[in-house]
Amino acid sequence: MTKLSTLKGVCDVLPPEIYTWNRIEETSKEVFSSFGFNEIKIPVIEHSELFIRSIGETTDIVGKEMYTFTDKGDRSITLRPEGTAGMVRCYVENNLHLLPSPQKFYYYGPMFRYERPQKGRLRQFYQIGVEALGSASPLVDAEVITMAHTLFQRLDLTNLTIELNSIGCNKCRGNYRDAIVGFFSKKGVLCNDCQVRIAKNPLRMLDCKVERCVEQRAGAPVILDYICDDCKTHHESLKELLTAINIDYKENPYIVRGLDYYNRTAFEITTEHLGAQKAVAAGGRYDNLVSDFNGPATAAVGFAIGMERLVSLVGETKNQSSPVFYLAPLGSAAENKAFVLSQSLRQKAIVTELGDGGQTLKSHLKKADKLNASFVVIIGENELKTSRALCKRLSDAFQKEIGIDDIDALIAFTAEKPGVSA
RNA sequence: GUGAGUAUAGUUCAACGGUUAGAGCACUGGACUGUGGCUCCAGGGGUUGGGGGUUCGAAUCCCCUUACUCACCCCA
């Protein structure tokens with residue numbers, strides 16, 4: 001039998017790292033609630049068609065990264081590579097547009113993309129996703145960006161940069177596309193990737209890293225000069241709103257979202273500490289996606305946070321739940337007694353660790369110390385005879401006898417202060 | 001899919017082609033028979049990723065393979 005291991009690009013999350021995950025999840029719930037967002041659960045599997053139609057057939061995600069299989073009913077099923085498509089499907093399917101707009105949701109869960117793993121990039125990765133559907137106002141763009149900013153602040157993250165761009169709308173993006181294609185086709189030989197990009201996704205040529213291409217793009221057209229007046233007004237309003245609450249941002253005309261459904265606002269929140277995958281969160285507007293799925297015309301904006309990337313930026317989080325009591329039974333009769341006692345304590349929501357009756361007292365105490373317990377309750381032959389348990393405070397080694405069934409006295413002992421005990 | 005690097009104990013790492021592959025941490029036990037942390041001592045642990053080759057001799061050199069890591073592409 002070969003040694004079992006996880007699949008490539010998939011990993012376990014163990015303590016103590018899981019405490020950081022929990023802290024992020026809890027903090028995000030607090031922040032999102034304060035912005036009026038509600039949690040929602042949407043499926044991990046969907047009809048393949050949902051992603052093909054929303055994300056776009058020519059994107060890498062759909063073209064080569066989807067986990068797609070045929071189920072026993074001969075349906076084509078895909079493990080979601082991102083959350084927005086499912087959210088929009090849910091919005092349309094449940095007629096959520098009938099509720100007051102905008103409807104604001106967040107969700108939390110794994111996404112799947114068949115990619116070559118590297119730092120900050122996995123095949124199964126977790127996202128916190130946020131979507132606001134039913135408003136075209138730049139105010140909602142600003143709210144959503146502010147919400148991400150607030151969360152990162154609450155997690156004590158500094159040195160994050162908000163990068164902002166507008167990629168125009170269906171009406172004006174074509175102008176810019178033409179301008180880019182026109183600009184580069186007059187230039188010399190481009191790298192192999194860019195020769196593909198010029199046909200498929202010309203905007204991507206702007207952040208090519210090949211030296212030859214970098215030189216040639218000097219003086220290339222800038223998107224903000226090509227977007228229509230409506231898009232420009234929207235973009236300017238968003239910037240004013242962010243400025244009004246002192247949120248710093250950096251205009252980055254090279255931000256291009258990799259999914260077809262985006263328009264207007266595109267943004268990324270980046271760090272210098274993640275290697276090549278520097279985006280901790282990214283998102284933008286998708287004003288046409290709901291109507292593309294035969295829903296009513298519904299403007300929307302959202303973003304996703306890369307959970308693993310965020311975890312690696314947030315410092316270690318301590319386990320909050322180290323035991324209050326460690327019960328140390330000596331022998332099997334004592335073990336039975338300790339088991340009963342443990343249940344009484346746990347019913348009062350007191351974190352209690354139960355030791356093995358076969359262990360020596362010394363090994364009990366060592367273990368209690370390693371578990372960072374506060375008190376050890378020793379139950380041996382003497383204690384069983386007298387029905388008095390020996391309760392020891394580990395911080396200063398003070399100990400006293402307490403009636404073996406006297407839960408209240410045990411709890412009272414935890415409240416006594418070291419050094420002033422009677 | 002492309003390129004580079006790495007693979008030795010549970011873990012982090014040593015070991016010029018030359019005894020029985022070592023050390024820190026972790027784990028278990030003892031010093032201390034029913035009293036933890038600190039200290040000291042001892043112990044368990046390894047097919048040197050796998051396969052083949054060169055050599056008197058390979059963890060070390062060569063080839064193949066697998067896995068991991070980083071980067072490209074792309075993306076959270």
Side-chain angles (χ1 to χ4, degrees), chain A residues 2-11 55 58-65 80-84 108-130 148 191-194 196-197 200-201 204 207-210 255-259 262 266-271 274-284 302-313 326 328-331 334 355 359-384 389-399:
Chain A
T2 50
K3 197 176 173 182
L4 292 171
S5 62
T6 59
L7 295 171
K8 187 197 282 283
V10 165
C11 58
I55 298 167
T58 59
T59 61
D60 278 15
I61 291 178
V62 170
K64 54 186 202 192
E65 295 176 359
R80 62 180 181 192
E82 58 101 39
T84 303
Y108 177 88
M111 307 294 164
F112 303 85
R113 290 180 203 172
Y114 192 86
E115 298 185 89
R116 195 79 156 248
Q118 66 185 74
K119 190 178 176 67
R121 195 172 67 184
L122 296 159
R123 288 184 173 179
Q124 174 176 332
F125 59 101
Y126 285 76
Q127 283 190 343
I128 303 176
V130 160
C191 73
N192 290 341
D193 287 332
C194 280
V196 177
R197 287 183 183 119
K200 209 172 113 184
N201 195 344
R204 286 232 171 274
D207 62 4
C208 180
K209 285 149 193 109
V210 177
I255 289 182
V256 183
R257 313 268 53 241
L259 293 73
Y262 283 110
F267 69 94
E268 292 182 3
I269 301 181
T270 58
T271 172
L274 282 180
Q277 271 62 42
K278 62 198 186 92
V280 187
F303 69 87
I305 296 171
M307 194 62 185
E308 289 84 355
R309 294 181 186 181
L310 181 53
V311 167
S312 72
L313 294 178
Y326 177 94
L330 303 168
Q359 283 182 275
T360 62
L361 180 56
K362 179 191 289 224
S363 60
H364 274 309
L365 284 161
K366 277 190 178 176
K367 195 172 161 197
D369 199 61
K370 270 176 199 136
L371 293 171
N372 203 22
S374 304
F375 300 90
V376 173
V377 181
I378 299 164
I379 303 171
E381 283 176 29
N382 302 340
E383 286 77 12
L384 284 178
L390 191 56
C391 186
K392 173 173 183 141
R393 181 166 57 217
L394 289 176
S395 59
D396 63 349
F398 175 79
Q399 53 189 38

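First the proteins, then the strands, lettered A, B, ... as listed; each starts at 1.
Separation of the C1' atoms belonging to B/A7 and B/U48 is 9 Å when rounded to the nearest angstrom. Spacing of P atoms, B/U6 relative to B/C74, comes out at 28 Å, to the nearest Å. Comparing the C1' positions of B/C61 and B/A23 gives a spacing of 26 Å, expressed to the nearest Å. Rounded to a whole angstrom, the distance from the P atom of B/U60 to that of B/G18 is 11 Å. For the P atom pair drawn from B/C27 and B/A21, the interatomic distance equals 27 Å after rounding to whole Å. Between the C1' atoms of B/U39 and B/A71, the separation comes to 48 Å (whole Å).
Among the protein residues, A/A368 comes within range of no part of the nucleic acid, since none of its heavy atoms lies under 4.0 Å from any strand. Residue-level contact check: A/I128 touches neither bases nor backbone, having no heavy atom under 4.0 Å from any strand. Nucleic acid contact class of A/E268 (heavy atoms, under 4.0 Å, all strands): none. Using a 4.0 Å heavy-atom criterion, one finds that A/A397 contacts the bases of the nucleic acid, with or without backbone contacts as well. Residue contacts for A/R197: at a heavy-atom cut-off of 4.0 Å it reaches the sugar-phosphate backbone alone, with no base atom in range. A/G120 comes within contact range of at least one nucleobase, with a heavy-atom separation under 4.0 Å. Note on A/E82: nothing from the nucleic acid sits closer than 4.0 angstrom, heavy atoms only. Within 4.0 Å (heavy atoms only), A/V376 reaches no atom of the nucleic acid at all. Nucleic acid contact class of A/L310 (heavy atoms, under 4.0 Å, all strands): none.
Candidate nucleotides B/A76, B/C73, B/U35 were compared by shortest atom distance to the side chain of A/D60, and B/C73 ranks first. Nearest to the side chain of A/K366, among B/G36, B/G34, B/U28, sits B/G36. With B/A76, B/G34, B/C73 as the candidates, the nucleotide lying closest to the side chain of A/E115 is B/A76. Residue A/R121 has its side chain nearest to B/C72 when only B/G34, B/C72, B/G36 are considered. For A/R309, the listed nucleotide lying nearest its side chain is B/A76; candidates were B/A76, B/C73, B/U35. The A/D369 side chain lies nearest to B/G37 when the options are B/U35, B/G37, B/A71. When distances are taken from the side chain of A/L361 to each of B/G34, B/A76, B/G29, the shortest belongs to B/G34.
At the phosphate of B/U69, neither OP1 nor OP2 sits under 4.0 Å from any side-chain N or O atom of A/R116. For A/K119, no side-chain nitrogen or oxygen approaches OP1 or OP2 of B/A71 to under 4.0 Å. Dashed line: the shortest gap from a side-chain N or O of A/K392 to OP1 or OP2 of B/G34 is not under 4.0 Å. For the pair A/Q118 and B/A71, the criterion of a side-chain N or O lying under 4.0 Å from OP1 or OP2 is met.
Counting only heavy atoms from C-beta outward, the side chains of A/P329 and A/Q359 never approach each other to under 4.5 Å. The shortest side-chain heavy-atom distance between A/M307 and A/Y108 falls under the 4.5 Å cut-off.
B/G17 is unpaired under the criterion used here, namely a Watson-Crick or G-U wobble arrangement in which both key atom distances are under 3.5 Å. Under the Watson-Crick and G-U wobble criteria, each requiring two contacts below 3.5 Å, nucleotide B/C72 is paired to B/G1. Across all strands shown, B/G44 forms no Watson-Crick or G-U wobble pair with both distances under 3.5 Å. Remark: B/A58 base-pairs with no nucleotide in the shown strands. Criterion, Watson-Crick or G-U wobble with two distances under 3.5 Å. Nucleotide B/U8 forms no Watson-Crick or G-U wobble pair with any nucleotide shown, as no partner meets the under 3.5 Å limit on both distances.
More than 12 heavy atoms of other residues, nucleotides or ligands sit less than 6.0 Å from atom NZ of A/K367.
Counting only distance, with no hydrogens or angles, the side chain of A/R113 and the backbone of A/I61 share no donor-acceptor pair below 3.5 Å. A/R309 contributes a side-chain N or O that, together with a main-chain N or O of A/A279, makes up a donor-acceptor pair within less than 3.5 Å. Side-chain atoms of A/Q124 never come within 3.5 Å of backbone atoms of A/G9 as a donor-acceptor pair (strictly under, hydrogens ignored).
Spacing between atom CG of A/L122 and atom C1' of B/C74 amounts to 15 Å, rounded to whole angstrom units.
With RNA chain B read from its 5' end, the first of the two nearest nucleotides for A/Y114 and A/M307 is the one closest to A/Y114.
Annotation for A/A282 and A/E268: closest pair CB-CG, 3.8 Å, computed over non-hydrogen atoms.
Interface remark: the A/E383 side chain does form a donor-acceptor pair with the B/G34 base, using a distance-only criterion of under 3.5 Å.
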